[in-house]
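Source: prediction; values computed, not measured. When reading the values below, keep in mind they use all heavy atoms of this one structure, side chains included, and skip hydrogens, waters and symmetry mates. Naming: A, B, ... by sequence-line order, numbering from 1 per chain.
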Amino acid sequence: MDLKFRFDDPQYVHITNPEQAAQAVAELEKHDMLGVDIEGTGLDPYVDKLLLVQVGTAEKSYIFDAQRMSLFGLEPLIALLENPKIIKLMHNGKFDYGFIKLQVGAKVANIYDTMLAEGILTAGIKHLQSLAALSEQYLETRLNKSVRKSFEELKYQITEDQLKYSALDTLVLFPIFDQQFKRLKEENLVNIAKLEFAVTVVVAEMELKGIYIDVDMWRKIIDELRKKRVGFALQFQDAIRPLYEATQVDLFGVNSEVINMNSQPQLMDLFNNKLGVIVPSTGDEILVGVDHPVAKILRDYRAYEKLISAFGESLLAKVNKKTGRLHPDFMQLGTATGRFACANPNLQQIPRNSEEAPFRKCFKPAAGYKLVVTDYSSMEMRILASLSKDKMLVDTIKNGYDIHSRTASLMWGLEYSADFKKKYPEQRQAAKIINFGLVYGMGPGGLARQIGKSMDEARELMDVYFRSYPDIKKWLNRAGDDAVRRGWSVTPAGRKRWYHMPETTDPDYKRKISQIQREAKNHPIQGTNADVTKYALVFMQDRLKKEGVDGFVTHTVHDEVVCEVREDQAEDWAKIQVEEMVRAGELIIKDVPIASEPFVGDVWEH
DNA sequence: AGAGGTGGTG
DNA sequence: CATGCACCACCTCT
């Protein structure tokens, strides 16, 4: 590897006043590609302090010192970072984007992100992708990570070691880029990479904007759930107390708990040794079939315990002190298929509104704004139709039929009608289970378990299904076989997923191949859904700007996008939001129409 | 600290 | 409940 810098002696310029800054920018402006990185005292751009902004060429890093001079509003630097003609090499640019936007006042434009590029190149077989790991992998050299830690306690002057470390963070990006970009071209992944680089700006803005949560309303819901939980807990302990030898009474003569209801081993002992009900596990699917009052009480307790523990006070602790809003971490390549993953908190797993736990009603717009929510309808079935080009499924969707009803109608020769769901609810339900199961690569065994019938009956049912949709069967089998033969699968938009192929001598060979086949049946479907939603996010961001709308993308859940838009503009914007969702879908899916429904209101629902 | 079980979402 | 995809959070136990 022929490097343009030395790991032990990187070239850098420490910039501590505006004159030096202007001079540095004049030099940097001559290049069409720059490395950009920041150092700060922590991870939160709202509360932690920006210390350094490094902007570098392939040979030299220019380090703007935010402690020695104010970087906020520094015009030459802002113009440089916002210059759309200069490619900014960044590693997890979303993070730096936030600090730079809030504490420099610049919106970094034209990003190439080495972390995202690596995620695209290793989807499904992901390994470490920190900058240090990439540096080792591509440059066979180690970055000294210990220096980064030292920024957290930074009080006075930056040391020479810290400056060298900071300089290397922009220098290493160039040779990594060279090798990554070559591979992106070889794998035909340049378009997907461009998509991800555009998306990362939307995500950065989305995270900065955050989402408002009505804390008081949330607490009221939890309190009600707690009351109900304690009732079931007491019932449970009283019911099982006679079964245990030592009567647990505490110092005050109050009956205490007999067993820990959250303990799997203790519950297994209770059922198998005390109650005489043999269960393989204590999951709900098993308990629902156990004819014993204790099982029923446990199920009720579990439902409340789940909501309280997973969505209770812990979520409120994540409200940002500065903004009063939630700023979750959206990981745009957090999954093997291209979907987002979300954490801290995971707003993609907030329970759907129910009578007892209307959690989503707590997510509201700011005063004077509305939430505009759009989601794709039956997206995965539309994608399956488009991929398989199955005549009947395409026909079903083109005619706007209810997909599960039409499927049942075809399977059993029942006449399709608008009120089919009312007339043949069981048939429709069975068809729905197959439709959903198929996009997950389900087989007869899985279907039998789902509908509680025998393996033979399930196999017969799938035969009947595939007689109506023969090309779906062909497509699914081919998707699985292609992946096993090639070691990867791909979406129409070009997103790839790789698979670890087992050795033929592997004792689990058959099981692992089946696993790959299922994953490969699902990947083009789920991945296309992700591709489409990501295009929609980019289109929406563009339109918000172009139309001068006072609004923001604030949330996305796989096939759904939420915007927060000024009240008087919300209805007009909702039409545009649908338009962009559909346009994104039609860009990739040509054989069937795309549909998206808007909801405008004061709570998160659709 | 990490694994396994359980269960919330699409 | 190994035999349906993709996740994350919380709990208990080792």
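A cation-pi arrangement is absent between A:Arg382 and A:Tyr376 under the rule of less than 6.0 angstrom and at most 45 degrees off the ring axis. A:Lys473 forms no cation-pi arrangement with A:Tyr465, by the criterion of a distance under 6.0 Å to the ring centre and an angle within 45° of the ring axis. The cationic group of A:Lys209 lies under 6.0 Å from the six-membered ring centre of A:Phe552 and within 45° of the ring axis, placing it in a cation-pi geometry.
With a 6.0 Å radius and a threshold of 12 heavy atoms from other residues, nucleotides or ligands, A:Arg478 has its CZ atom at or below the threshold. Atom NZ of A:Lys274 sits in a crowded spot, with more than 12 heavy atoms from other residues, nucleotides or ligands closer than 6.0 Å.
Using a 4.0 Å heavy-atom criterion, one finds that A:Asn260 contacts the sugar-phosphate atoms exclusively. Within the nucleic acid shown, A:Arg360 comes within 4.0 Å of sugar-phosphate atoms alone, with no base atom in reach, counting heavy atoms only. Within the 4.0 angstrom heavy-atom criterion, no nucleotide atom of any strand lies near A:Pro280. Residue A:Leu438 is classed as having no contact, given no heavy-atom separation below 4.0 Å to the nucleic acid. At the heavy-atom level, A:Glu285 lies under 4.0 Å from base atoms of the strands shown. No engagement by A:Asp375 is indicated, since no non-hydrogen atom pair under 4.0 Å with the nucleic acid exists. Nucleic acid contact for A:Asp508: none, since no nucleic acid atom lies under 4.0 Å from a heavy atom of the residue. Here A:Arg518 lies in heavy-atom contact (under 4.0 Å) with sugar-phosphate atoms only. In this structure, A:Phe436 reaches the bases: a heavy-atom distance under 4.0 Å links it to at least one base atom across the strands shown. Within 4.0 Å of A:Ala303, counting heavy atoms only, lies no atom of the nucleic acid at all. Across all strands, A:Val439 comes closer than 4.0 Å to no nucleic acid atom at all (heavy-atom distances). Within 4.0 Å (heavy atoms only), A:Gln526 reaches at least one base atom of the nucleic acid.
Taking the six-membered ring where the residue is Trp, the centroids of A:Phe271 and A:His292 are separated by 6.0 Å or more.
Atom NZ of A:Lys318 is separated from atom C1' of C:dC8 by 11 Å (rounded to the nearest Å). Atom CZ of A:Phe330 and atom P of C:dC7 are 17 Å apart (whole Å). Residue A:Glu380 contributes atom CD, which lies 9 Å from atom C1' of C:dA6 at whole-angstrom precision. Rounded to whole angstrom, the span from the CG atom of A:Leu287 across to the C1' atom of C:dC1 amounts to 13 Å. For the pair A:Met261 CE and C:dC11 C1', the computed distance is 14 Å after rounding to whole Å. Here the P atom of nucleotide C:dT3 and the NZ atom of A:Lys512 are 16 Å apart, to the nearest Å. One atom, CG of A:Leu315, and another, C1' of C:dC8, lie 12 Å apart when rounded to the nearest Å. Distance, A:Met455 CE to C:dC1 P: 11 Å, rounded to whole Å.
Spacing between C:dC1 and B:dG4 at atom C1', rounded to whole Å, works out to 14 Å.
Here the range on DNA chain B touched by chain A, meaning any atom under 4.0 Å from one of its heavy atoms, is B:dG5 to B:dG10.
Between A:Glu305 and A:Arg302 there is no salt bridge, since no side-chain nitrogen of the basic residue lies less than 4.0 Å from a carboxylate oxygen of the acidic one.
Distance from the side chain of A:Lys306 is smallest to C:dA9 among C:dC13, C:dC7, C:dA9.
Residue-to-nucleotide contacts include no donor-acceptor pair under 3.5 Å from the side chain of A:Glu519 to the base of C:dC5. Between the side chain of A:Gln349 and the base of C:dC8, a donor-acceptor pair under 3.5 Å is found.
Taking CG from A:Asp471 and NZ from A:Lys389, the interatomic distance works out to 10.5 Å, rounded to the nearest 0.5 Å.
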